[in-house]
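Below is one structure, written out as structure tokens; the observations come after it.
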Amino acid sequence: MACRDMGKCENAAREVRGKTLNHNVFAKHLDLASTKSIKEFAKNILKEEHHIDVLINNAAVMRCPHWKTEDGFEMQFGVNHLGHFLLTNLLLDRLKESGQSRIINVSSLAHIVGEIDFQDLNWEKKKYDTKAAYCQSKLANVLFTNELAKRLQGTGVTVNSLHPGVADTELGRHTGMHQSAFSSTVLAPIFWFVIKSAKQAAQSSVFLAVDEDLQGTSGKYFNALKEKEPAKQALDEVSAQKLWEASARLVHLDEALQECSL
């Protein structure tokens with residue numbers, strides 16, 4: 001379990017160990033807002049783990065203020081896309097060596113209104129729009145999945161993306177919904193019918209990780225345990241390749257791969 005907040009991570013790991021009686025559950029520090037942290041985590045995993053059977057890229061920040069990552073990236077694009085892009089690539093050879101491994105990228109239905117601004121990926125030139133920035137990052141998740149699937153053909157490793165549903169977690173803490181009296185009194189009863197618990201929302205990730213019928217399925221998008229067609233812009237192969245190349249430059253992928261191989 002790779003988490004930024006080690007207190008919460010240790011508590012969650014302890015709970016899993018207690019409920020499953022599986023003592024092979026470990027908490028590791030990983031801050032996706034720091035390429036230094038990502039590289040340190042990858043080095044540690046590559047040193048300690050001989051197999052990586054499943055990688056679930058689940059972390060996200062949603063509609064936060066105009067914050068920057070440690071490396072100067074816009075926070076939502078940096079954490080939700082670039083962090084997972086770098087982490088996945090640093091672990092990719094081990095995933096290939098493990099055989100029949102699976103990568104799951106947690107996106108969002110918000111990707112359907114996302115647009116990739118290749119002229120200003122990190123919101124340095126235009127007025128910041130936190131909602132648009134989030135949607136861009138979620139579209140990037142699907143484009144990354146599709147391009148990675150192409151690059152993994154013939155390796156036995158698959159990668160798919162998904163929309164987990166609206167979950168009752170702290171992800172929406174920056175939206176103001178929790179502080180709104182209108183939301184609390186009027187919308188809350190409605191949301192009660194559609195909001196999933198964290199456990200329910202995790203089922204799509206678990207399904208993609210373990211379902212035997214999905215062996216060999218790659219480059220697909222899932223919603224509510226079913227394969228769905230993503231937004232039109234998410235299927236743009238030119239944009240997917242362009243985003244990959246831009247992401248590789250931003251995170252200095254070649255240098256990071258060399259550093260983690262030493």
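Computed from a prediction, not measured in an experiment: that's the story for all the values here.
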Q: Please test Asn58 against Ser205 for side chain to side chain donor-acceptor pair (under 3.5 Å), starting from the C-alpha separation and ending with a verdict.
A: CA-CA 9 Å; Asn58 179 69; Ser205 295; 4.9 Å; no
Q: Walk me through it: do Gln233 and Glu115 pass the test side chain to side chain donor-acceptor pair (under 3.5 Å)?
A: CA-CA 8 Å; Gln233 64 269 33; Glu115 297 179 0; over 6 Å; no
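The closest side-chain donor-acceptor pair between Asp31 and Ser37, if any, does not fall under 3.5 angstrom. With no hydrogens or angles considered, no side-chain donor-acceptor pair links Gln76 and Arg63 at under 3.5 Å. For the residue pair Asn44 / Lys47, no side-chain donor-acceptor distance below 3.5 Å is found, with atom types taken as modelled.
Under a 4.0 Å N-O distance rule, the pair Lys39/Glu259 qualifies as a salt bridge. Salt bridge present: Lys28 and Glu48 bring a charged side-chain N and a carboxylate O closer than 4.0 Å. A salt bridge links Lys126 with Asp117: at least one charged nitrogen is closer than 4.0 Å to a carboxylate oxygen.
With sequence neighbours excluded, the residues forming a ring pair (Phe, Tyr, Trp, His ring centres under 6.0 Å) with Tyr221 are His111, listed by chain and number. Shown here are the salt bridge (Lys or Arg N to Asp or Glu O under 4.0 Å) partners of Lys228, two or more places apart in sequence or in another chain: there are none. Residues forming a ring pair (Phe, Tyr, Trp, His ring centres under 6.0 Å) with Phe26 (at least two apart in sequence, or on another chain): none. With sequence neighbours excluded, the residues satisfying salt bridge (Lys or Arg N to Asp or Glu O under 4.0 Å) with Glu97 are Arg94. Taking Trp244 as the reference, Phe85, Phe144 meet the ring pair (Phe, Tyr, Trp, His ring centres under 6.0 Å) condition, with sequence neighbours excluded.
A single hydrophobic cluster is seen to contain both Leu91 and Ile103, as judged by linkage of ILVMFWY side chains at heavy-atom distances under 4.5 Å, directly or through other members.
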Would you be so kind as to tabulate the donor-acceptor pairs closer than 3.5 Å made by side chains of residues 247-254, with sequence neighbours excluded?
| residue | atom | partner | partner atom | Å |
| --- | --- | --- | --- | --- |
| Ser247 | OG | His81 | NE2 | 2.7 |
| Ser247 | OG | Leu243 | O | 2.7 |

